Amino acid sequence: MQATSPFPFGNLSTELVLLIFAHAARPTFVKTGDDVPKNPYASALSLCRVSKVVRRTVLPELLRTIFLPEYDNVTAFVRALRMQQVFALQENDLRFDYAGRIDRIWFGQICEPPPQAPVHSSFASSTTSERDIDFSLLAPVVLSAPSLALDFESLWLLYGCLESAWSSHVNTNDSIRVPPPWRINNLTLVGEFNRWRPLTSTAEGSAFLASISRLSFLSPARAQTHLLPTYDPCFDDLEHRKYPLPEWMTSVPWESFKHLQTVSLVLPRIVLTVAAKTCLSEENVDVELLTLFDPPRSAYWEPKDISAYIESGEGRVVSVGVRTKLGYSPIQFTVSFDWEEAWTCGLLK
């Protein structure tokens, strides 16, 4: 087998070489068929070690979409922010301001850790403080991204960021005229619906909800369908879409979203027959994404059938494919939706 000769980068202009590096550094969020998880940022991280010039070229591509599915990913991100803070104080050439570089951030299902028991100072270690999430570092970066997606179990991260940023905001000389300390206008909420009160009962939370112009819901994370029907009986009239909106929409505090322009939600269309091919597999299923152009404005909103929104022009439905994992039991299938991949790949825009 003939060895492949290396590509002669020296024959290219510097501008073209840097463009190639930037393209190669773009994260790949599409999952492969095997079960081995792959770091979508692996190529960018490798290129960052080439030189300082290449590092400054690829970092904007790496930071464009931040994907933090687990608690350890969040703490690692905070450690990177802490390192950048040190670089800035030292005026190090490796310093790079993350804020303003990020377009989208995803937080997975990250439960708030229980409070730590008091530890005597003689037993305290530096690693304990490094494990904690420093919202004074995290908030400016997270809130600078125009688009934020997070699981309902991760709302405590949003609360912490808002509280940290708001305390500095209200201490300004004219907090009324100064814009709020965030750029987020596109909010995506994932999973089973939780309490809204931590947002609606605080000044910073209320101001945040009032500033959102686009709201999306990716729920449920799982669905179950019995084997007797050929599809979920909740969606038994797919052709004309005569089925109603989900009941959970009546519990959303719509009056808090004062500048909301559109609201989107997914309507999973599950088609499973008794003669399923496999007991445990990954498949793509069609998901109907409904967007309402005239979203609810008050708590007294009365939902209509989906077909009524479509016929009046108040809503639109598009179909997208979402990767799922099918789990089998003797009487039903459990379908887990991979909203992470769909969101990071831009399928649910």
Side-chain angles (χ1 to χ4, degrees), residues 7 9 15-84 87 94-110 133 137-138 140-151 154 157 161 183-184 186-190 216 218 221 282 284 320-325 336-349:
F7 185 83
F9 273 99
E15 291 80 4
L16 184 55
V17 171
L18 293 179
L19 284 174
I20 293 173
F21 283 145
H23 180 77
R26 292 176 183 172
T28 302
F29 296 105
V30 177
K31 297 178 181 178
T32 57
D34 53 34
D35 294 331
V36 180
K38 291 181 172 59
N39 184 354
Y41 303 104
S43 297
L45 294 174
S46 297
L47 288 170
C48 283
R49 301 186 180 98
V50 173
S51 70
K52 293 179 181 178
V53 174
V54 174
R55 181 178 181 272
R56 297 193 70 84
T57 300
V58 304
L59 271 178
E61 296 297 330
L62 185 152
L63 294 172
R64 199 177 301 278
T65 297
I66 295 298
F67 178 58
L68 305 172
E70 299 178 358
Y71 184 82
D72 288 344
N73 301 118
V74 179
T75 55
F77 188 65
V78 172
R79 286 197 299 271
L81 295 177
R82 187 176 290 113
M83 187 181 301
Q84 287 299 326
F87 287 159
L94 296 178
R95 68 184 185 275
F96 196 89
D97 187 10
Y98 288 12
R101 299 284 187 170
I102 300 173
D103 294 333
R104 306 188 303 161
I105 297 183
W106 171 284
F107 288 106
Q109 188 175 5
I110 304 171
I133 295 178
L137 292 174
L138 189 63
V141 177
V142 170
L143 299 182
S144 69
S147 178
L148 173 65
L150 72 167
D151 192 278
S154 305
L157 291 167
C161 288
R183 294 175 57 214
I184 300 172
N186 187 345
L187 178 64
T188 300
L189 296 171
V190 186
S216 301
L218 303 182
E282 287 191 359
N284 282 349
V320 296
V322 177
R323 189 190 302 270
T324 62
K325 178 168 286 189
S336 300
F337 299 95
D338 192 345
W339 300 130
E340 296 178 352
E341 182 186 49
W343 184 87
T344 52
C345 294
L347 298 178
L348 299 174
K349 289 183 179 180

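The structure presented is a predicted model; accordingly, all values stated were derived computationally and were not measured. In what follows, every heavy atom counts, from backbone to side chain, and hydrogens, waters and symmetry copies are set aside. The first residue in the sequence is number 1, and the count goes up from there.
- Below 30°, between 30° and 60°, or above 60°: for W106 and W343 the angle between ring planes is between 30° and 60°, a tilted geometry.
- Expressed to the nearest 0.5 Å, how far CD1 of I133 lies from OH of Y71 amounts to 4.5 Å.
- Minimum heavy-atom separation, N73 to L68: O-CD2, 3.6 Å.
- No donor-acceptor pair under 3.5 Å is formed between the side chain of S154 and the backbone N or O of L157.
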Run the side-chain contact (heavy atoms from CB on, under 4.5 Å) test on Y41 and F29 for me, step by step, so that the C-alpha distance in whole Å, both residues' side-chain angles and the decisive distance to 0.1 Å come before the verdict.
CA-CA 9 Å; Y41 303 104; F29 296 105; 3.8 Å; yes
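- Here CD of E70 is found 10.5 Å from CD of Q109. Values are rounded to the nearest 0.5 Å.
- Counting only distance, with no hydrogens or angles, the side chain of R104 and the backbone of T344 share a donor-acceptor pair below 3.5 Å.
- Between K52 and L94, the closest heavy-atom pair is CG-CD2, 4.3 Å.
- Pairing each heavy atom of Q84 with each of F96, the nearest pair is OE1-N, 2.5 Å.
- For the pair C48/L59, a side-chain contact is recorded, criterion being any heavy-atom separation below 4.5 Å from C-beta on.
- Nearest approach of A44 to A25, heavy atoms of both residues: CB-O, 3.4 Å.
- No side-chain heavy atom of V141 sits under 4.5 Å from any side-chain heavy atom of I66.
- Annotation: side chain of I184 is in contact with side chain of L143 (closest heavy-atom distance under 4.5 Å).
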Stepwise side-chain contact (heavy atoms from CB on, under 4.5 Å) test for F107 and L148:
CA-CA 8 Å; F107 288 106; L148 173 65; 3.9 Å; yes
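- Counting heavy atoms from C-beta on, the side chains of V50 and R55 never come closer than 4.5 Å.
- Between D338 and E341, the closest heavy-atom pair is OD1-N, 3.1 Å.
- For the atom pair Y98 OH and L62 CG, the distance stands at 7.5 Å (nearest 0.5 Å).
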Any chance you could lay out the side-chain contact (heavy atoms from CB on, under 4.5 Å) test for D103 and S147, step after step, and finish with the verdict?
CA-CA 6 Å; D103 294 333; S147 178; over 6 Å; no
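- Counting only heavy atoms from C-beta outward, the side chains of R64 and R101 never approach each other to under 4.5 Å.
- For the pair T57 and L19, the minimum side-chain heavy-atom distance is 4.5 Å or more.
- Using a 4.5 Å heavy-atom threshold, the side chains of I110 and D151 count as separate.
- Checked against side-chain contact (heavy atoms from CB on, under 4.5 Å), L16 has the following partners two or more places apart in sequence or in another chain: L12, S13, I20.
- Taking each heavy atom of S144 and A99 in turn, the nearest pair found is OG-CA, 3.7 Å.
- For the pair L218/L189, no side-chain contact is recorded, criterion being any heavy-atom separation below 4.5 Å from C-beta on.
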Could you go step by step and tell me if L187 and L150 meet the side-chain contact (heavy atoms from CB on, under 4.5 Å) rule?
CA-CA 8 Å; L187 178 64; L150 72 167; 3.9 Å; yes
